[in-house]
Amino acid sequence: MSEDQAAVISEQLGRLKDNIESRFQRIEALINHQNEISEERLRALRVEVGDLRKAKDDHETRIRSATEGVTQFKMYSGLANGGSGLLSIIALVKSFFGG
C-alpha cells in the first residue's frame with residue numbers, strides 16, 4: 001500500500017468518524033427534545049389532575065352544603081306545618097264550644 005492510498009483511506013476514515021459523531025449528536029438532540037416534551041406533558045397532566053381534585057372537593061362541599069340547607073328547610077317547614085295544624089285544632093275546638 002502506498003503512502004497516497006494510506007492518506008486517502010485515513011481521510012475516508014476521518015470523514016466516516018465525523019459522520020458517525022454528527023449522527024450520534026443528532027440522535028442525542030432528538031432524544032433530549034423528546035424527553036423535554038414528555039416532561040412538559042407530564043407536568044401539564046399533574047396540574048390537570050390537581051385541578052380535578054380541587055374541583056371534586058369543591059363539588060362535594062357544595063353538595064353537602066345543599067343537603068344541609070334542604071334538611072333545615074324540611075325541619076322548619078315541618079315545624080311550621082305542625083304549628084299551623086295545632087292552631088287549626090285550637091280554632092276548631094274554640095268554635096265548637098262557642099268560645
Consider only side-chain heavy atoms of I, L, V, M, F, W and Y, link residues closer than 4.5 Å, and tell whether Phe96 and Leu87 are in one cluster.
-> no
Short question: side chain of Thr61, backbone of Asp57 - any donor-acceptor pair under 3.5 Å?
-> yes
Interatomic spacing from CG in Leu13 to CG in Asp18 - rounded to 0.5 Å | 11.0 Å
Has Glu60 got more than 12 heavy atoms of other residues, nucleotides or ligands less than 6.0 Å from its CD?
-> yes
Hey, could you give me the OG1/CE distance between Thr71 and Met75, rounded to the nearest 0.5 Å?
-> 9.5 Å
Whether over 12 other heavy atoms sit under 6.0 Å from Arg43 CZ | yes
Answer with yes or no whether the hydrophobic clustering places Phe24 together with Leu16; edges join I, L, V, M, F, W, Y residues whose side-chain heavy atoms lie under 4.5 Å apart.
-> yes
Atom pair CG (Leu52) and CG (Leu45), whose distance is rounded to the nearest 0.5 Å | 10.0 Å
Main-chain N/O of Ile63 paired to Thr67 side chain as donor or acceptor, under 3.5 Å | yes
Salt bridge (Lys or Arg N to Asp or Glu O under 4.0 Å) between Arg64 and Glu68, intermediate numbers included | CA-CA 6 Å; Arg64 286 192 177 111; Glu68 288 175 10; over 6 Å; no
About how many Å separate CG of Leu86 and CG of Asn81, when rounded to the nearest 0.5 Å?
-> 12.5 Å
Test applied, side chain to side chain donor-acceptor pair (under 3.5 Å); reference residue, Asp58; option that passes from Lys56, Lys54, Arg62 | Arg62
